[in-house]
Student: 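Dropping a structure here in structure tokens format, bear with me for questions.
Remember, predicted model here, so these are calculated numbers, not experimental data.
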Amino acid sequence: MSSYQAVKVSKGSNGWGGPLTILPTDKKKYIVSVTGGGIHPIAEQIAEMTGGEAVDGFATKIESDEMACVVIDCGGTARCGVYPKMGVLTINITPTPPSGPLMKFIKEDNFVSGVKKQTITAIDHSEVAATEASPNEDPEEKRTPQEIKEQAKQKAAQYKQPKKKANILERIGRGVGGVVNVFYQAGRETIEQIIKNILPFMAFVSTIIGIITFTGIGDIIANFVSPLAGNIWGLLILSVICAVPILSPLLGPGAVIAQVVGVLVGVEIGKGNIPPQLALPALFAINPQVGADFVPVGLTLGEAKPETIEVGVPAVLISRQFTGPIAVIIAYVFSFGLYS
């Protein structure tokens, strides 16, 4: 039996890939830390748990065929793909999905990211395939589990290097690197969201606005309901019309009703034909449809399940039918004395 112990390294929060089983052998016994500033605590923990030897990849050259695994802190550029390409199990402490020029080499069985100390767990030899055993070990050798653990502790103590306290430059460098990685990852995820979700939605909205503008449907509806803006009862009727679940998703893009009726109400208030205190309730009366077209997109961006979207969209649209007139009444009450 091998004197080395196996550990399972799983992805952390927002991480990707894995889990990876790390089992050093006499030939591949090095846990290489390529993070800068000495040996990273994650590499030290893996070495202590497996009986491997943690080394600083920046200070010591280790051949790829001698690496049990490598610990990196890459935000998604070269290092993410270099070691998977070399056939080395790669543990990234930064929560990064496959990216960079070598992303085609990054697979779930050779890469895991977002790793924390709590995502590293020990596993028994019985859980590890026999093919992962060291080629130099004697298959006939029999040892008890207690002997295996004791020998692993001795091996860990043998390879354990004295901890070197990081100096101020190393701390600053590691801190700056962590901040840069966070902002880089945030920027990449933002661009990905824009390309996959926001731009297609903008194209959809542009198409709807074009259809409404070209056909003149929006002007017809606006001119029909604009006379209702002269009194509170008309504003209540207007809010009900704008919030009808069938109409509100069509009126939402471009805010046709809100724009046209809003301008008309403003002009009439300026002329003195409509009391100025109706401006506040009119604002709520012409806007219950706002965002009605965005409800399914918003639920999708929130990673809602299809069943949630099916129920959530009509639920929100129907709720607007009730909250729209209520908002007009509340605004009307608060408008008393507003322009006196």
Student: For Asp26 and Tyr4: C-alpha separation, side-chain torsions, deciding distance, then whether side chain to side chain contact (heavy atoms under 4.5 Å, CB included) applies.
Tutor: CA-CA 9 Å; Asp26 291 335; Tyr4 296 101; 3.2 Å; yes
Student: Between Thr119 and Val115, is there a donor-acceptor pair closer than 3.5 Å when you use the side chain of the first and the backbone of the second?
Tutor: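 No; judged by distance alone, with no hydrogens or angles, the pair does not exist.
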Student: With sequence neighbours excluded, give me every ring pair (Phe, Tyr, Trp, His ring centres under 6.0 Å) pair touching residues 308-332.
Tutor: Tyr332-Phe336
Student: So, does Arg320 use its side chain to make a donor-acceptor pair with the main chain of Ala243 at under 3.5 Å?
Tutor: no
Student: Output all residues satisfying side-chain contact (heavy atoms from CB on, under 4.5 Å) with Ser64, sequence neighbours left out; order by chain, then residue number.
Tutor: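 For Ser64 the side-chain contact (heavy atoms from CB on, under 4.5 Å) partners, ignoring immediate neighbours, are Met86, Val88.
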Student: Closer than 3.5 angstrom, by distance alone: can the side chain of Asn287 be matched with the main-chain N or O of Phe284 as a donor-acceptor pair?
Tutor: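 No, Asn287 side chain to Phe284 backbone: no donor-acceptor pair under 3.5 Å.
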Student: Does either side chain, that of Thr96 or that of Thr94, offer a donor lying less than 3.5 Å from an acceptor on the other one?
Tutor: no
Student: Taking it one step at a time, do Val9 and Thr121 satisfy side chain to side chain contact (heavy atoms under 4.5 Å, CB included)?
Tutor: CA-CA 7 Å; Val9 182; Thr121 56; over 6 Å; no
Student: Do Val55 and Ser33 come close enough that some side-chain heavy atom pair is under 4.5 Å?
Tutor: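 The answer is no, as the side chains (C-beta and beyond) never meet within the 4.5 Å cut-off.
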Student: Roughly how far apart are Ile120 CD1 and Ile42 CD1, rounded to 0.5 Å?
Tutor: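 Interatomic distance, Ile120 CD1 to Ile42 CD1, rounded to 0.5 Å: 4.0 Å.
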Student: Kindly say whether Val240 contributes a backbone atom to a donor-acceptor pair with the side chain of Gln321 at under 3.5 angstrom?
Tutor: yes
Student: For Lys104, is there any backbone N or O sitting under 3.5 Å from a side-chain donor or acceptor partner on Lys107?
Tutor: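 Checking the backbone N and O of Lys104 against the side chain of Lys107, a donor-acceptor pair under 3.5 Å is found.
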Student: Under 3.5 Å, side chain of Ser113 to main-chain N/O of Trp16, donor-acceptor pair present?
Tutor: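 Here the side-chain-to-backbone pair exists.
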